[in-house]
Amino acid sequence: MVSYKELGLVNTVELVKKAVKGGYAIPAYNFNNMEQLQAIVQACVETKSPVILQVSAGARKYANQTMLRYMAQGAVEYAKELGFNVPIVLHLDHGDSFELCKNCIETGFSSVMIDGSSLPYEENVALTKKVVEFAHSQKDYVTVEGELGVLAGVEDDVSAEHSHYTQPQEVQDFVKKTGVDSLAISIGTSHGRMKFKPEQCTKTADGVLIPPPLRFDILEEIEKRLPGFPIVLHGSSSVPIEYVKIIEKFGGKLSDSVGIPEEQLRKAAKSAVCKINIDSDGRLAMTAMIRKVFSEKPDEFDPRKYLGPARDELKKLYMHKNLEVLGSAGKA
Ligand SMILES: [Zn+2]
């Protein structure tokens with residue numbers, strides 16, 4: 001048994017309370033390796049932003065859960081060394097079973113998501129409630145995120161072909177019965193770099209896809225029913241066209257890439273949305289820089305010489321998100 005407090009981590013209780021009140025969202029960035037984690041910590045220290053470090057099923061498979069937990073502990077120490085002790089949460093992204101959530105809670109995670117959104121409603125309630133009861137009964141309270149509604153797209157092991165918007169009439173009952181600390185909802189965001197099919201989008205004169213807007217009417221309806229309750233948006237990368245262009249210029253192929261425009265996320269962050277998950281944009285930033293190095297310096301074979309620029313670009317991207325999109329800069 002390791003408690004997250006021993007690792008210097010925090011749960012999300014105070015962070016989301018402040019975020020809802022302050023009209024901003026806390027970044028939830030996924031990490032799988034050292035360079036990503038360094039970029040996240042550097043960006044959040046420099047912008048003085050709280051941060052949620054997310055571990056997905058894919059990350060656990062790739063990097064090993066124990067490794068990731070020690071890396072999160074390292075992130076806490078690294079932030080201190082950089083000169084600013086930003087609050088850091090270690091969060092399980094898309095937990096799919098009670099056993100997995102329990103295991104993470106017992107090994108130092110300060111927050112978990114139990115994603116029962118693909119189950120029938122009553123089963124989602126029962127599973128989520130079971131995780132909440134376990135998480136909240138720990139010596140150090142672990143926070144739990146539940147989900148209602150299904151996001152389309154592919155993210156590691158989570159995939160769905162069609163989305164279902166969250167039904168506002170279910171949210172009060174779900175929160176009351178399960179006791180969750182926050183709720184992920186589906187209002188049109190989507191996992192991955194192809195968030196919409198081209199036929200769902202309009203096109204600019206130079207062929208850039210413009211996605212349909214998020215369903216702010218559903219968000220407002222949910223806020224009315226759960227005043228001040230912390231809401232989470234998954235699949236909220238913007239898929240910057242600059243990165244797609246660099247990747248394609250240097251030999252990649254990412255047809256039909258489309259994300260959520262930043263001004264819509266900025267609008268969401270001002271509402272009860274207090275946690276915004278961004279993963280694909282980081283993947284694009286790193287890939288763009290690595291491809292550029294490989295193409296411009298074909299004789300380069302030192303991993304530090306291509307992972308380094310990738311890390312620098314990722315840091316720049318995350319600083320931009322904290323400052324310009326989520327509004328979390330200066331809130332640590
Ligand atoms: Zn997600």
Side-chain angles (χ1 to χ4, degrees), residues 27-33 35-36 39-40 43 54 56 58-59 62 93 151-156 158-161 163 188-214 233-269 276-298 300 303 305-326:
Y29 299 134
N30 290 71
F31 76 106
N32 306 267
N33 64 36
E35 283 77 9
Q36 289 170 328
I40 295 169
Q54 296 209 128
S56 68
Y62 178 79
D93 194 18
L151 270 69
V154 183
E155 181 194 33
D156 290 347
V158 183
S159 76
E161 197 168 333
S163 66
T189 60
S190 166
H191 291 127
R193 68 161 180 93
M194 293 156 73
K195 299 199 183 291
F196 304 95
K197 296 196 179 82
E199 56 268 27
Q200 293 174 286
C201 302
T202 51
K203 256 186 196 175
T204 63
D206 44 358
V208 177
L209 296 173
I210 307 291
L214 296 180
L233 288 187
H234 282 239
S236 297
S237 280
S238 295
V239 189
I241 187 77
E242 308 85 73
Y243 290 144
V244 174
K245 279 185 178 159
I246 295 172
I247 290 168
E248 297 203 318
K249 180 180 168 194
F250 294 113
K253 194 160 170 28
L254 296 177
S255 319
D256 300 334
S257 294
V258 58
I260 312 295
E262 290 189 338
E263 57 275 15
Q264 293 196 32
L265 296 171
R266 205 171 297 142
K267 184 175 167 190
I276 292 188
N277 295 5
I278 297 171
D279 188 13
S280 297
D281 285 355
R283 297 180 182 193
L284 291 167
M286 292 190 89
T287 303
M289 287 309 122
I290 290 170
R291 276 198 179 274
K292 187 166 182 281
V293 173
F294 282 163
S295 177
E296 290 175 348
K297 299 175 186 160
E300 192 54 76
K305 296 287 164 56
Y306 50 87
L307 293 175
R311 179 178 64 192
D312 293 345
E313 190 60 38
L314 190 58
K315 175 188 173 185
K316 213 171 91 190
L317 171 79
Y318 287 154
M319 287 184 71
H320 164 75
K321 298 283 181 191
N322 295 352
L323 286 160
E324 311 292 339
V325 184
L326 308 175

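One is the number of the first residue; the rest follow in order along the sequence.
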S257: side chain to side chain donor-acceptor pair (under 3.5 Å) partners, not counting sequence neighbours: R193
Main-chain N/O of A310 paired to E35 side chain as donor or acceptor, under 3.5 Å: no
Partner residues of Y243 under the side chain to side chain donor-acceptor pair (under 3.5 Å) criterion, sequence neighbours left out: E313
Partners passing side chain to side chain donor-acceptor pair (under 3.5 Å) against R311 (at least two apart in sequence or in another chain): Q38
Close side-chain approach of P27 to N322, heavy-atom, < 4.5 Å: yes
Distance, nearest 0.5 Å, that separates OH of Y29 from CD1 of I276: 9.5 Å
Gap separating the OG1 atom of T204 from the CD1 atom of I210, nearest 0.5 angstrom: 5.5 Å
I246 to A288 - nearest heavy-atom pair and separation: CG2-O, 3.6 Å
Between CG on residue L317 and CG on residue L284, distance to nearest 0.5 Å: 9.0 Å
N/O donor-acceptor pair under 3.5 Å between D281 side chain and S238 backbone: yes
N/O donor-acceptor pair under 3.5 Å between S295 side chain and R291 backbone: no
Closest non-hydrogen atom pair between V293 and P309, with its separation: CG2-CG, 4.0 Å
Shortest non-hydrogen contact from S236 toward I260: CA-CG1, 4.4 Å
Interatomic distance, K203 atom NZ to L209 atom CG [nearest 0.5 angstrom]: 6.0 Å
Nearest-0.5 Å distance, CD of residue Q36 to CG of residue N30: 8.5 Å
Minimum-distance pair of heavy atoms, taken over all atoms of F31 and I40: CB-CD1, 4.0 Å
Test item: Q200 side-chain N/O and K197 main-chain N/O as donor-acceptor pair under 3.5 Å: yes
Considering all heavy atoms, the nearest S237-D279 contact: OG-N, 3.5 Å
M194 side, atom CE; C201 side, atom SG - distance, nearest 0.5 Å: 10.5 Å
Side-chain heavy-atom pair L307, I290 within 4.5 angstrom cut-off: yes
L254 backbone acceptor or donor facing E248 side chain under 3.5 Å: yes
H191 and H234 aromatic ring geometry - parallel, tilted or perpendicular at 30°/60° bounds: perpendicular
Partner set under side chain to side chain donor-acceptor pair (under 3.5 Å) for E262, not counting sequence neighbours: H320, K321
For the student: nearest non-hydrogen atoms of A39 and K315, plus distance: CB-N, 3.7 Å
Sequence-distant partners of K245, salt bridge (Lys or Arg N to Asp or Glu O under 4.0 Å), two or more places apart: none
Results of salt bridge (Lys or Arg N to Asp or Glu O under 4.0 Å) for E296 - residues two or more places apart only: K292
Verdict with reasoning, Y306 to F294, per ring pair (Phe, Tyr, Trp, His ring centres under 6.0 Å): CA-CA 8 Å; Y306 50 87; F294 282 163; 4.6 Å; yes
